[in-house]
2 protein chains.
Amino acid sequence: MPTAAAQLEKPRRDSRLGLVLDAAARRFRAQGFDGASMREIAGDAGMKAGSLYYHFESKTDLFIAVHDEGIRRISSAVENAIETAPDPWQRLENAMAAHLDVLLAGGDYARVVIRELPAGNPDMRDNLVRLRDRYESIFRVLIDALPVDGATTRRQLRMMVMGALNWTPTWYRPNGDTPAEIATGFLQLIRKGIDQT
Amino acid sequence: MPTAAAQLEKPRRDSRLGLVLDAAARRFRAQGFDGASMREIAGDAGMKAGSLYYHFESKTDLFIAVHDEGIRRISSAVENAIETAPDPWQRLENAMAAHLDVLLAGGDYARVVIRELPAGNPDMRDNLVRLRDRYESIFRVLIDALPVDGATTRRQLRMMVMGALNWTPTWYRPNGDTPAEIATGFLQLIRKGIDQT
DNA sequence: GTCTATAGCAAGATAGAC
DNA sequence: GTCTATCTTGCTATAGAC
């Protein structure tokens with residue numbers, strides 16, 4: 001059975017615009033906004049640089065489109081994953097697993113969202129940060145629902161969880177633990193702690 | 001009393017080369033390798049672009065110099081912090097606090113190390129990754145010394161800790177918790193867990 | 001050591017043919 | 001919709017005066 005992430009990543013061969021977005025996501029993920037060039041992206045999508053400007057007004061617009069799609073994919077994956085689970089701890093674990101699955105097995109689009117945003121255009125930057133914050137509020141709700149006391153603890157926990165999750169691309173290797181196993185491991189550590197003395 | 005980080009960040013007004021490195025660190029941190037230009041860096045340091053090439057052969061060389069200095073600063077801060085503490089948990093907490101202090105209060109150099117590395121030059125990239133791994137091995141040793149069983153748990157713990165720490169720059173605000181408080185909070189969560197049921 | 005001047009090139013973006 | 005051709009700008013890097 002294909003994972004949720006694999007479904008989401010299936011290239012849409014029907015539309016040229018889909019090819020362009022896929023190519024842009026790959027390049028932006030690997031090289032960042034400044035490092036990727038419109039010529040490279042166009043080449044990967046089987047066109048010339050000028051043709052891109054029929055679909056997008058600017059490189060910035062193309063980046064925003066990729067970012068939006070990344071938010072859309074990871075949001076819907078996480079929301080699907082928590083839909084049925086009733087237990088608060090199980091819901092958090094499912095959300096973490098879905099987030100990691102899209103990020104590690106799914107790929108390019110979501111990792112553009114996680115990457116440090118381009119610094120050049122402050123207006124765009126603020127908009128993208130707002131979108132990312134809205135996505136992260138899913139986790140805020142899940143963590144607020146945990147049977148724990150202390151707002152400080154909740155905030156620190158949320159920051160620790162997001163950090164642990166979003167740092168995984170720097171060390172993850174496909175032949176190691178699966179995204180689901182990593183999520184389970186992280187949750188265990190957070191929930192029970194490791195001090196056995 | 002100035003923090004350790006503040007000491008390390010004191011600009012060395014005596015040497016022009018120090019000014020260049022400081023300016024490069026600021027720009028590379030804020031804009032990344034591709035986003036920062038030699039003209040901007042030179043301007044910040046009070047010179048013209050061409051003059052930089054008296055000090056450094058290339059932009060890549062300049063980046064490597066900043067990166068090396070960043071590794072040097074954060075390594076020595078962490079090593080100083082764990083020097084005297086005997087208890088393994090205390091040693092880890094001290095290391096986390098020092099790491100965060102340099103990263104959040106100290107600034108530019110260390111954050112260049114944490115940032116996603118430039119993708120253009122694979123050879124340089126491998127070298128810098130190796131340096132970063134060597135630094136992180138300090139934490140590996142500290143975590144191996146904890147009274148915990150299971151190599152898997154240790155590995156996951158290390159990844160969770162590094163992720164939580166290195167993600168802090170995306171949400172840290174100077175008027176919130178101090179680096180030391182964040183370190184204490186994270187360590188408590190990891191050590192004891194939060195499930196009170 | 002820093003300057004001016006510029007070579008050499010790659011980037012984002014546009015115009016108009018097809 | 002995509003192409004070719006090109007404009008303009010900005011970049012890294014070099015050469016040589018001071």
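The sequence lines fix the lettering, A, B, ..., with proteins before strands; numbering per chain opens at 1.
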In whole angstroms, the gap separating C1' of C:dC3 from NE2 of B:His55 amounts to 12 Å
Taking 4.0 angstrom as the limit, do B:Glu69 and B:Arg73 come out as a salt bridge? yes
Among the nucleotides D:dT12, C:dT2, D:dG1, whichever has the atom closest to the side chain of B:Met47 is C:dT2
Side chains of B:Asp177 and B:Tyr172: donor-acceptor distance under 3.5 Å anywhere? no
Please confirm whether the shortest side-chain N or O distance from B:Ser51 to OP1 or OP2 of C:dC3 is below 4.0 Å. yes
Would you indicate what B:Ala42 reaches in the nucleic acid, counting non-hydrogen atoms under 4.0 angstrom: base, sugar-phosphate, or nothing? nothing
Indicate, with a heavy-atom threshold strictly under 4.0 Å, whether A:Ala45 touches base, sugar-phosphate, or nothing. nothing
Figure out the CZ/P separation between B:Arg39 and C:dT6, and round it to whole Å. 14 Å
Rounded interatomic separation in angstrom, taking CG from B:Asp34 and P from C:dA11: 11 Å
In whole angstroms, the gap separating C1' of D:dT4 from OH of A:Tyr54 amounts to 18 Å
Using atom CZ of A:Phe56 as one end and atom C1' of C:dG12 as the other, report the distance to the nearest whole Å. 16 Å
Of all the nucleotides listed (C:dA13, D:dT14, D:dC11), which has the minimum atom distance to the side chain of B:Ser37? D:dC11
Distance-only polar pair, side chains of A:Gln188 and B:Gln156, donor-acceptor under 3.5 Å: no
Parallel, tilted or perpendicular for A:Phe33 and A:Phe28, by the 30°/60° rule? parallel
For A:Tyr53 and D:dT2, give me the distance from atom OH to atom C1', rounded to whole Å. 15 Å
Remember a base hit wins even if backbone is also touched, and classify A:Lys48 as base, sugar-phosphate or nothing at under 4.0 Å, heavy atoms. base
Assert yes or no for the condition that the ring centre distance of A:Tyr135 to A:His99 is strictly below 6.0 Å. yes
Value in whole Å for how far the C1' atom of D:dA13 lies from CD of B:Glu57: 11 Å
Between D:dT2, C:dG12, D:dT12, which one does the side chain of B:Lys59 approach most closely? D:dT12
d(CZ, A:Phe63; P, C:dA11) in whole Å: 18 Å
